[in-house]
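Here's the structure we're looking at; comments come further down.
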Amino acid sequence: MTTTTPVTERDLHAYMDGQIEDSVHRATVEKYLAANPEEAERLRAYARIEEVLRNGVGAIAAEPVPGKLSAAVLRSRRRSYWPKVAAGIGWVALGAVIGWSIRGANLPQADPLHQALVMPALVAHAVYTPEVRHPVEVSAQEEKHLAAWLTKRLGAKVTIPPLQEAGFALVGGRLLPANDGSPAAQFMYEDDSGKRLTLYVRRMQHGDSQVAFRYDVREGVGVFYWIDTSFAYALSGELTRDQLLVAARVAYRALNP
């Protein structure tokens, strides 16, 4: 009787990192992924996150992380590995790594919103849009509760803009930490084909003035971002610039009736 060794989370991430040398073991993992497309998509999402981070911080990513922070991240990896880190337990540590890596760096973009808004929005988009069973923390059926809860946590009235005019319905939302540890929110929308948009929202704590629409694209994900009153917004999706602009304008009008 042949016993099949179960594929563990450690195996999946060793496979993603190219660290499985045994061909039989590697074939077992590949067979598992072929039979579990949700798991395969989850690994592809983590690969996209890594690519976004590499492109965002460039050569700075190769610099050594401060000792205490490095030890904290390693402890987190030993306990939970990437899925739980990305799902929330280690998100603050991840944000700290992003923030530390970018801080003070002479990046090609001089726009400070890339550190505070765009990169966290892209990472959150890459983490949660592939999720099938748990894409949001609070569903659209509890929209009033979601808005009230996030208003309390972010410290100012949070409005969830409807995007039906652009062809996208609200899926729900969740609470996230921003790169400086302050609370942020993510709202997810979906069209009839299953394509998803996310709107990342955070308070700007340093008296940032109003910023008109700006656009960036990383790894096929476009982002329109802006500051309006006390909030900063980043709308992300795998759409063309013109398609995403339509949705961004719909969101802006809903937020400024």
Side-chain angles (χ1 to χ4, degrees), residues 41-42 44-49 51-53 55-56 86-88 91 94-95 98 113-143 146-147 149-150 153-154 158-179 182-203 213-228 231-241 243-252 254-255:
E41 177 57 34
R42 185 164 62 93
R44 286 193 290 269
Y46 297 144
R48 290 196 296 270
I49 294 167
E51 186 66 24
V52 166
L53 293 178
N55 289 344
W91 183 272
L94 175 62
I98 297 169
L113 285 180
H114 268 264
Q115 175 184 349
L117 183 65
V118 176
M119 293 306 296
L122 283 169
V123 172
H125 180 88
V127 168
Y128 293 111
T129 53
E131 289 290 335
V132 176
R133 294 185 180 179
H134 305 289
V136 296
E137 197 169 1
V138 180
S139 72
Q141 284 70 33
E142 298 182 88
E143 183 175 348
L146 177 63
W149 172 50
L150 292 174
R153 294 304 308 271
L154 270 66
V158 172
T159 299
I160 306 174
L163 298 184
Q164 285 94 337
E165 186 181 338
F168 287 84
L170 180 69
V171 177
R174 65 174 65 248
L175 179 71
L176 294 173
N179 68 325
S182 63
Q186 182 195 62
F187 302 115
M188 187 178 295
Y189 303 83
E190 188 174 79
D191 69 5
D192 291 339
S193 71
K195 190 175 291 293
R196 288 173 170 175
L197 297 180
T198 57
L199 181 66
Y200 183 89
V201 183
R202 63 160 297 175
R203 295 285 302 274
F213 282 178
R214 294 177 181 174
Y215 178 75
D216 192 13
V217 60
R218 302 290 179 99
E219 298 304 309
V221 181
V223 188
F224 269 104
Y225 58 103
W226 68 96
I227 297 178
D228 185 17
F231 284 110
Y233 301 90
L235 184 68
S236 306
E238 296 180 60
L239 302 176
T240 67
R241 187 183 189 282
Q243 289 171 329
L244 191 61
L245 179 58
V246 170
R249 286 173 171 167
V250 170
Y252 182 84
L255 293 166

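Index from 1, following the sequence. None of these values were measured; they are calculated from a predicted model. All heavy atoms count here, side chains included; hydrogens, waters and symmetry mates do not.
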- Taking the side chain as C-beta and beyond, is there a heavy-atom pair between Phe231 and Leu255 under 4.5 Å? no

- Query: Minimum heavy-atom separation for Leu197 to Ala247, with atom names?
  - Reply: CD1-CB, 3.8 Å

- Decide yes or no on side-chain contact (heavy atoms from CB on, under 4.5 Å) for Ile160 and Glu143, but give the supporting numbers first. CA-CA 8 Å; Ile160 306 174; Glu143 183 175 348; 3.8 Å; yes

- Task: Mind checking the CD1-CZ spacing from Ile227 to Phe213? Nearest 0.5 Å is all I need.
- Result: 13.0 Å

- Note on the structure: By side chain to side chain contact (heavy atoms under 4.5 Å, CB included), Ala234 pairs with (sequence neighbours left out) Leu117, Ala121, Tyr200, Val223, Tyr225

- Message: Can you list everything that forms a side chain to side chain contact (heavy atoms under 4.5 Å, CB included) with Val246? Sequence neighbours excluded, please.
- Response: Ala166

- Query: In chain order, what residues pass the side-chain hydrogen bond (donor to acceptor under 3.5 Å, both in side chains) check against Ser236, with sequence neighbours excluded?
  - Reply: none

- Between atom NE2 of His134 and atom OH of Tyr128, what is the distance when rounded to the nearest 0.5 Å? 12.0 Å

- Query: Quick one: does Thr129's side chain have a donor or acceptor within less than 3.5 Å of a partner on His125's backbone?
  - Reply: yes

- What pair of heavy atoms forms the shortest contact from Val138 to Leu146, and how long is it? CB-CD1, 3.7 Å

- Message: Going by the rule side-chain hydrogen bond (donor to acceptor under 3.5 Å, both in side chains), which residues pair with Ser139 if we only count those two or more places apart in sequence or in a different chain?
- Response: Gln141

- Hey, could you give me the OG1/CZ distance between Thr198 and Phe168, rounded to the nearest 0.5 Å? 11.0 Å

- Leu239 pairs by side chain to side chain contact (heavy atoms under 4.5 Å, CB included) with which of Val221, Leu244, Asp191? Leu244

- Task: Quick one: list whatever passes side chain to side chain contact (heavy atoms under 4.5 Å, CB included) with Ala251, sequence neighbours left out.
- Result: Pro161, Leu163, Trp226

- Task: Apply the test side-chain contact (heavy atoms from CB on, under 4.5 Å) to residues Leu122 and Glu219: give CA-CA distance (whole Å), side-chain angles for both, the deciding distance (0.1 Å), then the verdict.
- Result: CA-CA 10 Å; Leu122 283 169; Glu219 298 304 309; over 6 Å; no

- Could you tell me which residues satisfy salt bridge (Lys or Arg N to Asp or Glu O under 4.0 Å) with Glu165, sequence neighbours excluded, listed by chain and number? Arg253

- How would you list, by chain and number, every residue that makes a side chain to side chain contact (heavy atoms under 4.5 Å, CB included) with Gln164, sequence neighbours excluded? Pro162

- Arg214 vs Asp216, salt bridge (Lys or Arg N to Asp or Glu O under 4.0 Å): CA-CA, chis, key distance, verdict: CA-CA 7 Å; Arg214 294 177 181 174; Asp216 192 13; over 6 Å; no

- Not counting sequence neighbours, which residues clear side-chain hydrogen bond (donor to acceptor under 3.5 Å, both in side chains) with Glu190? List them please. Arg196

- Distance from Tyr252 atom OH to Asp228 atom CG, nearest 0.5 Å? 4.5 Å

- Looking only at non-hydrogen atoms, find the nearest pair between Phe224 and Ala248 and report the distance. CB-CB, 3.9 Å

- Message: Check whether Gln186 reaches the backbone of Leu176 with its side chain - one donor and one acceptor, N or O, closer than 3.5 Å.
- Response: no

- Task: Kindly indicate whether the side chain of Arg153, heavy atoms from C-beta on, has any atom under 4.5 Å from the side chain of Val158.
- Result: no

- Task: Would you give the length of the straight line joining atom CD of Glu137 to atom CD of Glu142, rounded to the nearest 0.5 angstrom?
- Result: 11.0 Å

- Note on the structure: Those residues at least two apart in sequence (or on a different chain) that pass ring pair (Phe, Tyr, Trp, His ring centres under 6.0 Å) with Tyr189 are none

- Item | Residues which pass side-chain hydrogen bond (donor to acceptor under 3.5 Å, both in side chains) with Gln243, listed by chain and number, not counting sequence neighbours | Thr240

- Over all atoms of both residues, closest heavy-atom pair of Ala184 and Leu175: O-CD1, 3.3 Å

